[in-house]
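Following: one structure in structure tokens, then a few remarks.
Numbered from 1 within each chain, the chains take letters A, B, ... in sequence-line order. What you see is a predicted model; the values in this text were computed from it and never measured. Note: hydrogens, waters and symmetry copies are ignored here, and every other heavy atom, side chains too, is used.
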Number of protein chains: 2
Amino acid sequence: MPEQGPTEAGATQTVVAMAPIRAPKAADVLADDLRERILRGAFPPGTALPPERELVTQTHMSRTTVREALRILEVQGLVRIKTGRAGGAFVQTPGQESVASTVNLLIRGRQIRLAALLETREAIEPSCAQLAARYRTDEDLARLDAANVAIAADGSLAEFLQANVDWHMAVALASHNELLTGVMLALSRSIYSATDNQGFIDAMVRDVTVRAHTGVTNAIRAQDADAAVRRMKRHVHGYAEAVVEVESRTTIEMPVD
Amino acid sequence: MPEQGPTEAGATQTVVAMAPIRAPKAADVLADDLRERILRGAFPPGTALPPERELVTQTHMSRTTVREALRILEVQGLVRIKTGRAGGAFVQTPGQESVASTVNLLIRGRQIRLAALLETREAIEPSCAQLAARYRTDEDLARLDAANVAIAADGSLAEFLQANVDWHMAVALASHNELLTGVMLALSRSIYSATDNQGFIDAMVRDVTVRAHTGVTNAIRAQDADAAVRRMKRHVHGYAEAVVEVESRTTIEMPVD
DNA sequence: TGCTACTTTGGGTCGGACCAAACAATCAAC
DNA sequence: GTTGATTGTTTGGTCCGACCCAAAGTAGCA
């Protein structure tokens, strides 16, 4: 297969002096090709890629390889595969979900501590609030208000936490920035599950949370970016401190050294 | 397989009344299982999963299916597959690279405008600088200085831009926050390629950039978090404004409607 | 000792076959 | 004609078995 120059096979043996050579897997090549075309807009979202067997004849690859390539694109969120007649691989554009799931893998895989998550949220969310104040629509406000109502309601812990996540996501969505939204989605979920079974959410915390959220929401409604940043910063910082405080109280029980 | 209630099979024929049933793909099931085990730490990084043929006998699935599952994990960055003897699927933990590539797909797929990218950077990078001032090590400082030297050097445009990216990445790395680092990696690259062939990088811009970077670097060195935030904010904001200004100058040339 | 050549162990690719899901077309009954 | 069940076709999902290729070790030979 590899064409060798007419080198005089000298003293020892074949010294063709060829480049370090690459061994790209066929499926990757196909996937790269299709991915590039999709991203270039050759296949607008919603269009169906050719059926597998069709791609087989076109690419002269085996169906196994073609399927592997499609699978890669599916994992990357670039296509959605449906079965049955009129099925096939349909082009779509990756959204926040895909970012969120990757970030989640990072968080779980690297065992990122809760402190680091909170730190990250402190870094990102005030900016979300700022952008939200700048770009929020009436629909965004409706979502924020709905989440606030749900939080104030006297529900179970799980319901409270879920409403909490919903509100934070509403802020992120109001920023109309898909990157920040994706990261915040993953962050919120992880913080949710980390905070879940720590019983430090008492009535007072809930009350404080509701107040803080209301304050931020009002600032966003009034499009007061500075206030939104300030209040959000205070809110998430306060939350982080409370968590750390509770953690130290919980962790202190192990014997010294 | 589907348990049928003792329904009186009426007039026409079989009316088994079964639940909506789910049809999870075998490969996904395997992938989910392995992923969960990996994330739980059952297979520490570096360990090799059983060979494909071994998994076949264990799971009673076909090799095709097993391979598909492994492929999924590979795309998600949980496993690295090597060929040849002593090859196989080796567990690894996803890193910034994986986040960066996903974010890149989002940026390219959603055709996120340069303005939004710059906006996101304005949101995130000041916080990176803050954390960098807090946590920077000597090694981080060395990277920052090296990037600064490279920027000041009178190189080509490509070299300048690369050094620019390197410096921003050095800041992100100094924050010791893998999430932020991953996002910044993708952001920097995208901004790089978007800014590339716009000839608005003149000597003056380069000079301003060097000064700004030096200022931020010094703040990080002095562990002056406030100054780092302030200077970084000014820097990225100024950059964004410059880009917008150039863009309006460039775009104005199309005839009015 | 140092090289070559073989063997083993792994993934990579292929072709073919069959199953299951989902839609389409058709036909029968009203 | 409209409706409803039946049949058919398309398309992905799974399996099997075979073969190839690359890497790493091992034995043999000069």
Qualifying residue, where the test is side-chain contact (heavy atoms from CB on, under 4.5 Å) with S188(B) and the options are N164(B), V165(B), V183(B):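 The passing option is V165(B).
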Distance in angstrom units between [X] [atom1] and [N] [atom2], rounded:
X	N	atom1	atom2	result
K82(B)	dG25(D)	NZ	P	11 Å
D28(B)	dG12(D)	CG	C1'	13 Å
E68(A)	dG12(D)	CD	C1'	16 Å
E54(B)	dG11(C)	CD	C1'	15 Å
F90(A)	dA22(C)	CZ	P	13 Å
L55(B)	dT9(C)	CG	C1'	15 Å
L49(B)	dG11(C)	CG	C1'	14 Å
L70(A)	dT14(D)	CG	P	14 Å

N/O donor-acceptor pair, side chain R85(B) with base dT8(C), under 3.5 angstrom: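 Yes, a donor-acceptor pair under 3.5 Å.
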Distance-only donor-acceptor test (3.5 Å): side chain R63(B), base dG12(C):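 When only heavy-atom distances are counted, R63(B) does reach the base of dG12(C) through a donor-acceptor pair under 3.5 Å.
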When you get a sec, tell me which of [options] is the closest nucleotide to the side chain of [X]?
X	options	result
R53(A)	dG11(C), dG15(C), dG13(D)	dG13(D)
T83(B)	dG11(C), dA21(C), dC16(D)	dG11(C)
R67(B)	dC14(C), dT13(C), dC16(D)	dT13(C)
M61(B)	dC14(C), dC15(D), dG12(D)	dC15(D)

Parallel, tilted or perpendicular, as decided by the 30° and 60° cut-offs, for the rings of H213(A) and W167(A):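 Plane angle under 30°, so parallel.
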Distance-only donor-acceptor check, side chains N104(A) and S190(A), under 3.5 Å: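 Yes, because at least one side-chain N or O of N104(A) sits under 3.5 Å from a partner of the opposite role on S190(A).
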Donor on one side chain, acceptor on other, T217(B) and D145(B), under 3.5 Å: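 Not at all, the side chains of T217(B) and D145(B) share no donor-acceptor pair under 3.5 Å.
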Position toward the 5' end of DNA chain C (nearest nucleotide), T64(A) or G87(B):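 Checking each residue's closest nucleotide, the 5'-ward one belongs to G87(B).
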Nearest-nucleotide 5' precedence on DNA chain C, S62(A) against G84(A):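 Of the two residues, S62(A) wins.
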CD (E139(B)) with more than 12 external heavy atoms under 6.0 Å: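 Incorrect, the count does not exceed 12.
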